[in-house]
Amino acid sequence: MRVSEKIDPWLIIHMLISGAICFGIILILDGFGAPWRLTEWIVKSYGSLGVFIFEEARNGYYLIRLGLIYLPAGFLGGFYLGYKVKERLKVNMVFPSAIGFILFLLYLIAVGYQIAGMEHVLKGILIPLFTSIGGSYLGGYTLNWHVEEKPKEERISLIFEK
């Protein structure tokens with residue numbers, strides 16, 4: 001991007017809207033406790049609720065949480081931005097999930113959630129952020145996979161024609 005180029009205000013507005021979509025989905029799914037309800041239902045139906053005393057089961061619950069909250073939130077935010085914006089997708093797809101996740105962290109801080117220790121920073125911030133960014137790229141390229149496609153190169157054949 002050149003210095004003389006101006007940033008499109010509609011691009012910023014669409015980024016903020018897609019970030020708000022991402023934040024709203026995270027807030028709704030986390031507020032309703034969707035991953036815990038699903039995991040609890042599965043574990044109770046097998047009669048093994050005590051499995052959560054093991055670290056492996058807690059890690060499995062954490063993966064379910066990533067897949068049911070942060071990935072769809074990033075996907076839907078990126079889906080909206082991919083629908084509205086067609087240029088510079090590789091750069092623009094980072095913003096919906098980053099904006100939404102930062103809003104969610106600000107919300108958590110406002111309600112009194114404390115992050116202490118490196119493990120909590122890794123599991124509470126970095127991995128959900130990267131999962132959300134991955135979902136954003138998946139959502140954005142769902143509509144625009146053909147936009148970034150490279151042109152077909154001419155193939156050289158070793159078959160000689162007579």
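Counting begins at 1 with the first residue of the sequence. Here the structure is a predicted model, which means the values were calculated and not measured.
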Cluster check Ile102, Tyr107: I/L/V/M/F/W/Y, side chain < 4.5 angstrom: no
Val43 to Ser48 - nearest heavy-atom pair and separation: CG1-O, 2.7 Å
Taking every non-hydrogen atom, the tightest pair across Tyr62 and Pro128: OH-CD, 3.5 Å
Partner residues of Pro72 under the side chain to side chain contact (heavy atoms under 4.5 Å, CB included) criterion, sequence neighbours left out: none
Hydrophobic cluster of Leu38, others only, ordered by chain and residue number, side-chain cut-off 4.5 Å: Trp41, Ile42, Tyr46, Ile64, Leu68
Nearest-0.5 Å distance that lies between atom CZ in Phe95 and atom CG in Leu11: 8.5 Å
Glu87 and Val85, any side-chain heavy atoms less than 4.5 Å apart: yes
Evaluation steps, ring pair (Phe, Tyr, Trp, His ring centres under 6.0 Å), between Phe52 and Trp36: CA-CA 12 Å; Phe52 284 110; Trp36 175 248; 5.4 Å; yes
Full working for side-chain contact (heavy atoms from CB on, under 4.5 Å) between Leu63 and Asn59: CA-CA 6 Å; Leu63 291 174; Asn59 289 338; 5.8 Å; no
Heavy-atom check, side chain of Cys22 versus side chain of Ile99, under 4.5 Å: no
Non-neighbouring partners of Glu56 that pass side-chain hydrogen bond (donor to acceptor under 3.5 Å, both in side chains), sequence neighbours left out: none
Spatial distance of atom CD1 (Ile26) from atom CD1 (Ile69) [nearest 0.5 Å]: 8.0 Å
Heavy-atom neighbours of Tyr83 OH exceed 12 at 6.0 Å: no
Rounded distance (nearest 0.5 Å) linking atom OG of Ser132 with atom CG of Leu66: 10.5 Å
Backbone of Met93 reached by a side-chain donor or acceptor of Ser136 within 3.5 Å: yes
Reported CG-to-CG distance for the pair Leu81 and Leu76, which is rounded to 0.5 angstrom: 13.0 Å
Gap between atom CZ of Phe101 and atom CG of Leu126 - 0.5 Å precision: 8.5 Å
Beyond-backbone contact of Phe54 with Val51, side-chain heavy atoms, under 4.5 angstrom: yes
4.5 Å side-chain heavy-atom contact, Tyr141 and Lys90: yes
same_hphob_cluster(Phe130, Val121) at 4.5 Å side-chain heavy-atom cutoff: yes
Contact summary for Leu49 and Lys44, nearest pair of heavy atoms: CD2-CE, 4.1 Å
Heavy-atom side-chain proximity of Leu89 to Tyr137 below 4.5 angstrom: no
Rounded distance [0.5 Å steps], CD1 in Ile125 versus CZ in Phe104: 11.0 Å
Considering all heavy atoms, the nearest Ile127-Thr131 contact: O-OG1, 2.7 Å
Test applied, side-chain contact (heavy atoms from CB on, under 4.5 Å); reference residue, Arg65; option that passes from Thr39, Leu29, Asp30: Asp30
Check: Lys84/Asn92 side-chain N/O donor and acceptor closer than 3.5 Å: no
Carboxylate-amine/guanidinium contact Glu55 Arg58, below 4.0 Å: yes
